[in-house]
Every structure is written in structure tokens, then in C-alpha cells.
Novice: 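Please see the structure below; I have some questions.
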Amino acid sequence: MEEETSKLPLPDDFLDFLQTNGIDPLIYTAIESTPRYIRLKPGSEAYLEEIEAEIKCRLQKVNWLPGFYSLPPHIQIANSKPYKEGKIYGIDAASGAAVMALDISVGDHVLDLCCAPGAKLCMISDLLGDSGSVTGVDVARHRLAACRTMLQKYVLGDACRLFVADGTTFSLMPVRYHLDSISCEFALEEKKDTFREWTSRRPWKERKRAARARENAASRLVSETDHPELIFYGKASGVVGLSKDELYQTASSSEVSSSGYDKVLVDAECTHDGSIRHIQKFEHWGWETLNGRVLNAERSDNLTALQVIDLLFHYLRFPFIGAEASTFKHFLLQLKLLINGFRLLRVGGSLVYSTCSLTVSQNENVVEWFLKENSSAGRCPMDATVYDSLQEIDAAKDWPCKSGRIPKTLRFDPVTSKTSGLFVAKFTKLAV
Ligand SMILES: C[S@@+](CC[C@H](N)C(=O)[O-])C[C@H]1O[C@@H](n2cnc3c(N)ncnc32)[C@H](O)[C@@H]1O
């Protein structure tokens, strides 16, 4: 259709990238026909008409995704009253589907391994209500600080903890592990230096100590033994009353099997090529910056040279995966995030892996290598095939998406789904 055709002039380098990675350039023609999405904060349904009046447009209920509404792409909500009052938040329907794929139940302890800026984390907290806990991890401190602001704005942080940490090595257990290991009141009384209720106004001495620690961390190579920095915890997060030693206590693999996380989301760092709004930004940033940000994306702010060498060394035994060199680094990071996220699951727990890239190398290839790695490391029951831990997403039968190249995996794209591009796969940890 003529009016749906994008004015976006895609440069040849990007078209080559799409072709190499098997992505149909047609998805970038759907900018004007891909709606925006919002999620109503539970309890705000009664204000629907008021919200529509404030943002001056009718909200279209998304029938396949509870709590979601679509609105025309040109409507901006950031300056609207309902947004400022925390009644609505912007989150793409495909992102909402990734969270729904987790199938969160009351009381779940959830780990969100790449959580910033935090739309999915907010939705997870919303779904949990007053039960369970959420642990958010992100390597970028400033992005995690934005996530903290979001939790506070939407009053969703009571059961949350946020750690600045590398998700490929993060190893802290959910709060129930600490609660189980606190055996008697006497032990509680004996504890010194426990976490008090979190306040944004930290005592001067503590702020000074944290700033010094940050300076020291920046001036030396990150060591795997460094404790993740806790930048927020809610009053029901299980942190209040714990000592530092208890919080940073590590668990054996058998303890992880029984007391690890019930659900893990690995919404991994990627080239963002599935987000047409992200690609559209290059019109303003200048297409020449696309090389650095997408095609040869290095994101060196997130990975030190040592980490890259470690990744390469760790995965050198994998044959070259047939991907473009530009996406190879992402593949390695994504694989390592997935392996670590899965390690932290309890037996019977589920993990959802998602990226907003549509390249095979960052999605199906990661899944494929993860399953092989799992099997060769003996993390698969003897009588199971490598694919047994890959799980069907039950809710997806009504979702407007395609299957990925591996059965049970899903692909959302602007043309098929009228959402941003997203790949989703779900795994279950089987007892060995
Ligand atoms: C696609 S974004 C996540 C979006 C987020 N889940 C949301 O819903 O708002 C990917 C995130 O991964 C983070 N990241 C990159 N490398 C990481 C690592 N090694 N460990 C943890 N987080 C990482 C980035 O800082 C970025 O915030």
C-alpha cells in the first residue's frame, strides 16, 4: 500500500546487513502502520475514558494481551497526565508477550538478567503483585538508575532488588535462599551491619564509600570476585535485615537446583535491528553512525577488552557459526548470558530468552549452541534429546507471530504482528 511505504532511505550497508542475515527489508516499510502500545497499571482500568480524554485518542484493546492497548504511532504519551501519574506505561506488545511467556505465578522469585531501562521489569512486578520477588541486573549503572526511577514512579519496587553486575557471571540467589538459611531469631540478633530500609538519601559516609568504590572499580580491571553493587531494594525484597555476608553468600549447584529462581528473563543486549523506531533514529543521528552502532556494534561501554577475550577463549571450541563478524560478539555475549541465566534457575523453573534483533545468529544460533552446550555439559537427562528443554509457549497459540527457524521459538515483526521485531524462546530446567 502506497501510504504505508516508509520514507526511510535505507543505506546500502544496512541493506547488505539485512540480506546477509536473512531479514526482509519490508519490515522497515511499516513505520506508519505499526501502532504504539501502552499497558495500564492494574487498577487504572476504571480511568480508561479519562485517560483517552487526556491523551486525546481512543485506545484499542489488544485482544491477545491482557492490559495492553494500542494507539496511533504519532501519539506521544510522555507529557500526558496519566503517564506522569503512573497510570500507563509505554511497552511494546511483543515485549509484553516475552513477559507473558514467563507464565509468572503468585509467589515466583524472578530474575531479570538484562533489565534496564525496565519496562519488562515493571510488568513482572505488576504481575507478581504483593507476592514473590524480582531481582533486576544490568551492567550499565546509568540505565539501571533509570530502572530504579521507573520502579519508584509506578510504585512497583517493594519486592525488587537492583544490582549493577555482569549478567554473564552474576550468581546471587533469590531471597528465599537467604530466608531459608536464617535458622533462628538468635542468629538475627547476633548480626551486625545489616541492611536497613532503603532510602534515596544515603548517609554521607555511605555515599562517600560508594563513590570511592566506584572510582576504584573504574580504575582497575573488573574482577569476578567483586560484589555486584546493590543500587535499590524495596522493603519486602528480603534484603532488609540481611547482613552483607548473607546477601553475597554463594550457593552450591545442588542448592541452586532446589532454591534457585523460579523464572529468569534474559532480554539480551543485541543489535536492535528489529526495532524500526530504533533504526528510524538514524535519520537524526546520521546514517554514518549505523556502522558503529548496529553493523559493527561493539558497545565497548558494556564489555571490557578482557571480557571479549574471555568470551572468545571460552567459546573457541565452537566452530564459526556462519554469522557476520559484526554480530559474532553479540552471539558470544548472548550465549554466555543465556548459560548463566539457566544456571541460576531451580529445577522445574523456566527461562525466556528474547532479543529485539531478527538476525539468525543472535537468536536461533544462540538457542542451538546453548542446547548443545547444555547437553555436552551433562545438564540434560540421559534419556532426553537436546531439544527437550526447549518449551512450547502455551499462550502463543493466539499471538500474531511466526515460528522461528527452530520449532517452538517465535518471531514478532512489524508486518506480521504489528509490533516491534522480537525473537522469543522458552526453556525449562529438567532434573538430571
Ligand atoms: C535490550 S536491553 C534490555 C531491555 C530491558 N529488558 C527492558 O525491558 O527495558 C539490553 C540491556 O542489556 C544490558 N547489558 C549488556 N551487557 C550486559 C551484561 N553483560 N550483563 C548485564 N546486562 C548487560 C544493557 O545495558 C541493556 O540495558
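Heads up: numbering here begins at 1 and tracks the sequence.
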Novice: Are Gln334 and Thr355 linked by a side-chain donor-acceptor pair shorter than 3.5 Å?
Specialist: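 There is no such pair (donor and acceptor under 3.5 Å, judged by atom type) between the side chains of Gln334 and Thr355.
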
Novice: Which value, rounded to the nearest 0.5 Å, describes the distance between Met100 atom CE and Leu127 atom CG?
Specialist: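 Answer for the CE-CG pair, Met100 versus Leu127, is 6.0 Å.
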
Novice: Does any non-hydrogen side-chain atom of Pro35 lie less than 4.5 Å from one of Leu71?
Specialist: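 Leu71 does not reach Pro35 side chain to side chain.
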
Novice: More than 12 heavy atoms of other residues, nucleotides or ligands under 6.0 Å from CD of Gln60: is that the case?
Specialist: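 Open: at most 12 neighbouring heavy atoms sit under 6.0 Å from CD of Gln60.
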
Novice: To the nearest 0.5 angstrom, please state how far the CG atom of Leu102 sits from the CE atom of Met123.
Specialist: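 One gets 9.0 Å once the value is rounded to the nearest 0.5 Å.
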
Novice: Counting only N and O atoms by type, is there a donor-acceptor contact under 3.5 Å from the side chain of Glu197 to the main-chain atoms of Lys235?
Specialist: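 Answer holds: no.
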
Novice: How about Glu85: does its CD atom have over 12 heavy atoms from other parts shown lying under 6.0 Å from it?
Specialist: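 Yes, because the 6.0 Å sphere around CD of Glu85 holds more than 12 heavy atoms from other groups.
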
Novice: Using a strict 4.0 Å threshold on nitrogen-to-oxygen distance, state whether Arg346 and Asp262 make a salt bridge.
Specialist: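 Yes, this pair counts.
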
Novice: Are Glu364 and Arg411 ion-paired here, with the side-chain N under 4.0 Å from a carboxylate O?
Specialist: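 A salt bridge links Glu364 with Arg411.
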
Novice: Can a donor-acceptor pair be found, under 3.5 Å and without considering hydrogens, that links the side chain of Tyr154 to the backbone of Ile88?
Specialist: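 Here the side-chain-to-backbone pair exists.
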
Novice: What are the two closest non-hydrogen atoms of Gly167 and Leu113, and how far apart are they?
Specialist: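 Answer, listing the atom of Gly167 first, then Leu113: O-CD2, 3.5 Å.
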
Novice: Got a donor-acceptor contact below 3.5 angstrom from the Tyr387 side chain to the Pro407 backbone?
Specialist: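 It does not hold such a pair.
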
Novice: Are Asp267 and Ser354 close enough that a side-chain donor and a side-chain acceptor fall under 3.5 Å?
Specialist: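 Indeed, the side chains of Asp267 and Ser354 share at least one donor-acceptor pair under 3.5 Å.
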
Novice: How are the rings of Tyr248 and His227 set relative to one another: parallel (under 30°), tilted (30 to 60°) or perpendicular (over 60°)?
Specialist: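 Tyr248 and His227: parallel rings.
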
Novice: Strictly by modelled atom types, are Thr359 and Gln362 linked by a side-chain donor-acceptor pair under 3.5 Å?
Specialist: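 There is such a pair between these side chains.
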
Novice: Quick one: do the Asp92 and Ser95 side chains pair a donor with an acceptor below 3.5 Å?
Specialist: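 No, no side-chain donor-acceptor contact under 3.5 Å.
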
Novice: To the nearest 0.5 Å, how far apart are CG in Leu162 and OH in Tyr233?
Specialist: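 Taking CG in Leu162 and OH in Tyr233, the distance rounds to 12.0 Å.
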
Novice: Hey, could you give me the NE2/CE distance between His109 and Met173, rounded to the nearest 0.5 Å?
Specialist: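 Those atoms lie 10.5 Å apart.
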
Novice: With sequence neighbours excluded, tell me which residues meet ring pair (Phe, Tyr, Trp, His ring centres under 6.0 Å) with Phe163.
Specialist: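 Checked Phe163 against ring pair (Phe, Tyr, Trp, His ring centres under 6.0 Å); matches are Phe170.
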
Novice: Do the ring centers of Tyr89 and Tyr83 come within less than 6.0 Å of each other?
Specialist: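 They do not qualify: ring centres at least 6.0 Å apart.
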
Novice: Just how far is it from atom CG of Asp126 to atom CG of Leu156, taken to the nearest 0.5 Å?
Specialist: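 Rounded to the nearest 0.5 Å, the CG-CG separation comes out at 5.0 Å.
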
Novice: Centre of Trp369's six-membered ring, under 6.0 Å away, within 45 degrees of the axis: is that where NZ or CZ of Lys372 sits?
Specialist: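 Yes, cation above the ring, under 6.0 Å and within 45°.
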
Novice: Ring pair (Phe, Tyr, Trp, His ring centres under 6.0 Å) with Phe370: which residues, sequence neighbours excluded?
Specialist: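 Here the qualifying residues are Phe342, Phe427.
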
Novice: Ignoring hydrogens and angles, tell me if any N or O in the side chain of Thr419 forms a donor-acceptor pair with the backbone of Ala94 under 3.5 Å.
Specialist: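 Checking the backbone N and O of Ala94 against the side chain of Thr419, no donor-acceptor pair under 3.5 Å is found.
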
Novice: Would you call the rings of Phe14 and Phe17 parallel, tilted or perpendicular if under 30° counts as parallel and over 60° as perpendicular?
Specialist: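 Plane angle under 30°, so parallel.
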
Novice: In Å, rounded to the nearest 0.5 Å, how long is the span from NZ of Lys41 to NZ of Lys87?
Specialist: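 That separation rounds to 10.5 Å.
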
Novice: Establish, from distance only, whether the side-chain atoms of Thr135 and Arg161 form a donor-acceptor pair under 3.5 Å.
Specialist: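 Yes.
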
Novice: Do any N or O atoms from the side chain of Ser417 and from the backbone of Pro414 form a donor-acceptor pair under 3.5 angstrom?
Specialist: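 Absent.
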
